[in-house]
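Okay, so here's the structure we're looking at.
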Amino acid sequence: MIAARSLLVAGFTLAFGLSQVHAQEQAAEPAAAPLPLNELRTFAEVFERIRSSYVEPVDDATLLENAIRGMLEGLDPHSAYLTPEDYTGLQDSTEGQFGGLGIEVGQEDGFLKVVSPIDDTPAAEAGIEAGDLIIKIDDQPVKGMSLMDAVDRMRGEPGSEVRLTLVRGEGRPFEVSLKRAVIKVKSVKTEELEPGYAYLRVTQFQVNTGDEVRAAINRLNADGQLKGLVLDLRNNPGGVLQAAVEVVDSFVDSGLIVYTKGRLSNAEMRFNATSANPSGTVPLVVLINGGSASASEIVAGALQDLGRGVIMGTDSFGKGSVQTVLPLNNDRALKLTTALYYTPSGRSIQAQGIVPDIRVERGHLTLDEGEMGFREADLAGHINNASGNERPTGSEPRAERNLLDEDYQLTQALSLLKGLNIATRSRAAD
């Protein structure tokens, strides 16, 4: 572990006890190479030139803070310097309540790229999709803006408006106006698809998500015989790593779930399953897409490697790095990439993602309104069924529209679960 007391979050760690972290790092690493004096002289010269020659005076604290920010942002898209407000917002987001638009973003070519909108938030309701590029915030171009600055601009008082300009695929830019809100994320949702077949949606991995998934499975089992389960991780941007481990543990009895490797030995961790498995051997289909990132990919990758479920959908996002959030002594913090995580078989997800077992692209079902509901039982004078069971004549009322009517991938998952059940029954009969 990076520190004695820490919270593993969405591929990053909130670490506490900085003096102990420093001691562990010093013990784990060989003696550091001497500082590059020529480069330090160049830094000092640039610093002094800006102080003396920039068109407007800039205080030393601002210059130094900007230098630190640039040092971290030049490493990778996920390392960052956190102001007190950034640090507080990061901690709030892991607890399931925070202010803003409900959108997970990263950087790509200087623009903001939507990793995924969070369910039941202004971003999701406005139709923002994973993969959209945000090019302006309130008419302010984001090109060259730091990730944290862009996120700060999207935050604000609940009820206030923000205008985003986006590009989707090869299309033309379009604007979306959203009202900021206090984002209260319900991480686990369930619904019955058909008798015996259930839908379990995890929108984000929060501290209590593992317990909520376990409780949801127990409820579904208590309601009747569970024949199949769809675990939906689409557009799930990640969250608490420990919660992801606990979700996998709800479906398997044993085995390695995930491990991390970094430069420091204390950055290397391994998580194994326990025997507590409320789902038993119920057939499982896991839905993923390009908005499934980080902790979602840990879950999908583990279940795939352990042969516990069929992964369906499209390739996941490919965020397989571990960030450690190290508090500083002035209410600020560093979010620093320290390791990569690996699936049980040793696959690195970084920049690769999880490839589904069965590829199903996004689509919508269209019901054929012109189909004639006319069968043998509707014919005058037809011979009755010998067993006495007969479908009533006339058209049957259509059931209310549900998730399956709107979601092609989910419909395919349900069809697969039914096929798995038939295959299981056939094997048992043989």
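All residue numbers refer to positions in the sequence shown, counting from 1.
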Indicate yes or no for a side-chain donor-acceptor contact from [X] to the backbone of [Y] under 3.5 Å, with no hydrogens or angles considered.
X: T121; Y: P117; value: no
X: N221; Y: L226; value: no
X: E192; Y: Y197; value: no
X: S279; Y: S250; value: yes
X: Q107; Y: M145; value: yes
X: N421; Y: K227; value: yes
X: S79; Y: T337; value: yes
X: S116; Y: N235; value: yes
X: R201; Y: R234; value: yes
X: T343; Y: R347; value: yes

Mind checking what makes salt bridge (charged side-chain N to carboxylate O under 4.0 Å, His left out) contact with [X], not counting sequence neighbours?
X: K261; result: none
X: E45; result: R49
X: E65; result: R69, R332
X: D149; result: none

For this session: Give the C-alpha distance, both sets of side-chain angles, the deciding distance and a yes or no for side-chain contact (heavy atoms from CB on, under 4.5 Å) between Y342 and T260.
Result: CA-CA 6 Å; Y342 296 82; T260 66; 6.0 Å; no
Quick check for you: to the nearest 0.5 Å, what is the distance between [X] atom [atom1] and [Y] atom [atom2]?
X: Y81; Y: S146; atom1: OH; atom2: OG; answer: 12.5 Å
X: L284; Y: L416; atom1: CG; atom2: CG; answer: 10.0 Å
X: I349; Y: Y341; atom1: CD1; atom2: OH; answer: 4.5 Å
X: I288; Y: S316; atom1: CD1; atom2: OG; answer: 5.0 Å

For this session: Go through the steps for V282 and L220 under the test side-chain contact (heavy atoms from CB on, under 4.5 Å), then give the verdict.
Result: CA-CA 11 Å; V282 63; L220 293 170; over 6 Å; no
Exercise. Could you give all pairs that pass the salt bridge (charged side-chain N to carboxylate O under 4.0 Å, His left out) test and reach residues 270-289, with sequence neighbours left out?
Worked result: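 Applying salt bridge (charged side-chain N to carboxylate O under 4.0 Å, His left out) to every pair that reaches into residues 270-289, excluding sequence neighbours, yields nothing.
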Test: [X] and [Y] ion pair at under 4.0 Å:
X: D59; Y: R51; value: no
X: D120; Y: K186; value: no
X: E194; Y: K418; value: yes
X: D139; Y: K136; value: no

Do the side chains of [Y] and [X] get nearer than 4.5 Å, heavy atoms only?
X: V202; Y: L231; result: yes
X: L178; Y: L164; result: yes
X: D86; Y: R155; result: yes
X: V162; Y: L101; result: yes

Exercise. Is the NZ or CZ atom of K143 both under 6.0 Å from the centre of the six-membered ring of F111 and within 45° of that ring's axis?
Worked result: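 That pair qualifies as a cation-pi contact.
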Problem set entry | Partners passing side chain to side chain contact (heavy atoms under 4.5 Å, CB included) against E361 (at least two apart in sequence or in another chain) |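 Scan of E361 (side chain to side chain contact (heavy atoms under 4.5 Å, CB included), adjacent residues dropped) gives T314, R359.
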For this session: Would you sort out whether S348 and Q350 count as a side chain to side chain donor-acceptor pair (under 3.5 Å), showing the intermediate values?
Result: CA-CA 6 Å; S348 172; Q350 178 60 24; over 6 Å; no
Exercise. Will you find, in the side chains of D119 and T203, an N or O donor that is under 3.5 Å from an N or O acceptor?
Worked result: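 The answer is no; no qualifying pair exists.
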Exercise. Looking just at side-chain N and O atoms, do D357 and Q304 make a donor-acceptor pair shorter than 3.5 Å?
Worked result: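 D357 vs Q304: donor-acceptor pair found between side chains.
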Exercise. What's the verdict on side-chain contact (heavy atoms from CB on, under 4.5 Å) for V188 and T209, showing C-alpha distance, side-chain angles and the deciding distance?
Worked result: CA-CA 7 Å; V188 177; T209 299; 3.9 Å; yes
Problem set entry | Working for salt bridge (Lys or Arg N to Asp or Glu O under 4.0 Å), residues R168 and E129 | CA-CA 8 Å; R168 181 172 298 159; E129 298 180 1; 3.7 Å; yes
